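To start, the structure itself, in structure tokens.
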Amino acid sequence: MILEKEERILNCTSGTITYTLFYKQVKNINLRINNNGEILVSANPFVSKETIDAFIIEKQEWIKKKQCTIRHKPALIEENHIQLLGKSLRIRRICSKHPLVYYSDDTFYIQYEKKEQCEKLIQEYLDQLCHDIFYDIALLTCKRLKAHHVSMPMIKLRYMKSQWGNCKPVQNVITLNKRLIHYPVEFIEYVILHEFIHFIHPNHSKEFYALIQHYMPDYKERINLVHKI
């Protein structure tokens with residue numbers, strides 16, 4: 001629960017840093033850079049702003065490096081290429097009376113009647129691909145966790161700016177970021193397992209990560225796959 005929100009600007013040795021501060025009932029100062037390069041910080045209301053500013057100044061080099069990585073990340077969908085399941089595919093457009101989207105090992109094909117249809121055809125295809133792949137992985141993950149009496153949740157899909165997924169145990173709902181479809185299946189499997197484990201441990205405790213490691217010993221390597229795109 002957010003108690004207060006404030007935008008703060010700091011003049012650091014590496015340049016000006018603007019960050020959004022969220023006051024929450026948390027133990028530590030938490031720093032996150034979202035997919036747009038925005039700096040998000042959460043802290044307990046009892047922590048002074050001076051202390052939080054000092055924390056950001058201490059982390060300024062890491063922040064700038066992270067933002068630089070995000071800025072120079074290739075676009076997931078460009079005019080002639082698309083990133084799909086971790087692979088860069090060349091887009092080939094074909095005028096046809098029968099609109100259709102499909103792909104091979106290295107090419108993403110779009111058949112269209114009118115060129116202005118292309119963007120809509122791509123989005124509809126990606127939405128369906130998200131539904132099919134994410135649901136299948138979720139179903140298999142749920143079966144693996146049978147011993148913990150985890151039931152199959154409702155899977156929701158949407159674009160999110162700063163999360164790959166989230167879990168609402170009370171509502172039995174997992175929401176997944178549609179952007180995952182651009183990344184390797186191994187990373188998608190990690191994100192979905194991560195959210196399922198929240199039904200067992202609704203936190204990020206040692207027990208939470210120990211259970212992830214039990215079911216996915218290479219989860220740290222899978223997380224790093226997202227930085228190789």
Side-chain angles (χ1 to χ4, degrees), residues 28 30-37 40 59 62-63 65-77 81-89 103-106 108 126 129-169 172-229:
N28 304 310
N30 300 313
L31 168 64
R32 187 172 83 251
I33 312 292
N34 69 16
N35 293 330
N36 294 322
L40 308 176
K59 299 288 185 181
W62 178 86
I63 289 170
K65 185 178 179 181
K66 186 76 172 176
Q67 287 179 322
C68 185
T69 300
I70 292 170
R71 280 196 299 271
H72 290 88
K73 216 168 191 181
L76 299 174
I77 302 178
H81 288 85
I82 182 170
Q83 200 75 28
L84 187 66
L85 298 173
K87 293 183 178 180
S88 180
L89 306 181
Y103 68 95
S104 65
D105 286 341
D106 58 4
F108 189 86
L126 292 180
L129 204 59
C130 284
H131 177 273
D132 295 345
I133 293 175
F134 297 176
Y135 187 85
D136 283 351
I137 294 173
L139 193 60
L140 290 171
T141 303
C142 189
K143 288 180 179 179
R144 292 182 68 199
L145 297 173
K146 185 178 179 180
H148 298 277
H149 307 290
V150 173
S151 60
M152 185 64 182
M154 178 185 291
I155 303 295
K156 293 184 177 181
L157 307 174
R158 66 183 179 90
Y159 285 106
M160 295 185 280
K161 288 185 176 181
S162 59
Q163 292 180 302
W164 290 117
N166 62 56
C167 174
K168 295 181 179 179
N172 199 36
V173 172
I174 285 176
T175 302
L176 298 170
N177 193 334
K178 289 183 181 182
R179 286 171 55 87
L180 282 167
I181 201 63
H182 300 290
Y183 294 88
V185 170
E186 293 85 355
F187 180 67
I188 300 172
E189 289 173 339
Y190 161 72
V191 171
I192 291 176
L193 176 64
H194 181 113
E195 299 309 330
F196 264 91
I197 297 297
H198 277 310
F199 287 121
I200 304 164
H201 296 292
N203 48 45
H204 289 109
S205 61
K206 290 182 180 179
E207 292 77 13
F208 172 86
Y209 283 106
L211 197 55
I212 286 183
Q213 186 156 25
H214 173 75
Y215 285 99
M216 191 175 284
D218 64 339
Y219 81 92
K220 292 181 180 178
E221 288 80 4
R222 290 173 183 248
I223 292 172
N224 288 332
L225 288 173
V226 77
H227 303 304
K228 296 180 180 180
I229 301 294

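Predicted model only: the values in this text are computed from it and were never measured.
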**Complete:** Between S151 and C142, the two heavy atoms sitting closest are C-SG, 3.6 Å
**Message:** To the closest 0.5 Å, what do you measure between CG (L126) and CG (L84)?
**Reply:** 6.5 Å
**Asked** How many angstroms lie between atom SG of C130 and atom CZ of R158, to the nearest 0.5 angstrom?
**Response** 13.5 Å
**Message:** Measuring only between side-chain heavy atoms, which start at C-beta, is V173 closer than 4.5 Å to P153?
**Reply:** no
**Message:** Enumerate the salt bridge (Lys or Arg N to Asp or Glu O under 4.0 Å) contacts for residues 186-208, please, sequence neighbours excluded, ordered by first and then second residue.
**Reply:** E189-R222
**Within 6.0 Å of NZ in K178, more than 12 heavy atoms from elsewhere** = yes
**Message:** Counting neighbours of CE on M152 that are heavy atoms of other residues, nucleotides or ligands and sit closer than 6.0 Å, is the number greater than 12?
**Reply:** yes
**Message:** Using ring centroids (six-membered ring only for Trp), state whether W164 and Y190 fall under 6.0 Å.
**Reply:** no
**Request:** Compute whether any side-chain donor of one residue and acceptor of the other, for Q163 and N166, lie under 3.5 angstrom apart.
**Result:** yes
**Item:** Side chains of N224 and F187 in contact at under 4.5 Å (non-hydrogen atoms)
**Value:** no
**Asked** Do side-chain atoms of H81 reach the backbone of S88 as a donor and acceptor pair under 3.5 angstrom?
**Response** no
**Request:** Mind telling me whether H194 and Y209 have parallel, tilted or perpendicular rings, with 30° and 60° as the class edges?
**Result:** perpendicular
**Item:** Neighbour count above 12 (heavy atom, 6.0 Å) for Y135 OH
**Value:** no
**Request:** Search all heavy atoms of I137 against all heavy atoms of V185 and return the closest pair with its distance.
**Result:** CD1-CG1, 4.3 Å
**Closest non-hydrogen atom pair between F196 and L145, with its separation** = CB-CD1, 3.6 Å
**Check: L85 and Y183 side chains under 4.5 Å, non-hydrogen atoms** = no
**Request:** Nearest 0.5 Å please: distance from the CG atom of D106 over to the NZ atom of K87.
**Result:** 9.0 Å
**Message:** Suppose the criterion is salt bridge (Lys or Arg N to Asp or Glu O under 4.0 Å): which pairs have a residue in residues 131-151, not counting sequence neighbours?
**Reply:** none
**Fill in**
Note: N203 and H198 closest approach over all heavy atoms is O-CE1, 3.1 Å
**Fill in**
Here the pair of heavy atoms bringing P217 nearest to E221 is O-OE1, 4.4 Å
**Message:** As a test of understanding, state which of T141, V150, L211 forms a side-chain contact (heavy atoms from CB on, under 4.5 Å) with I197.
**Reply:** L211
**Message:** Quick one about H201 and H148 (side-chain donor to acceptor, distance below 3.5 Å, no hydrogens or angles considered), yes or no?
**Reply:** no
**Item:** Atom of Y159, atom of R179 and distance for their closest heavy-atom approach
**Value:** CD2-CG, 3.8 Å
**Prompt:** Can you find a pair of side-chain heavy atoms, one from L176 and one from I155, that are under 4.5 Å apart?
**Reply:** yes
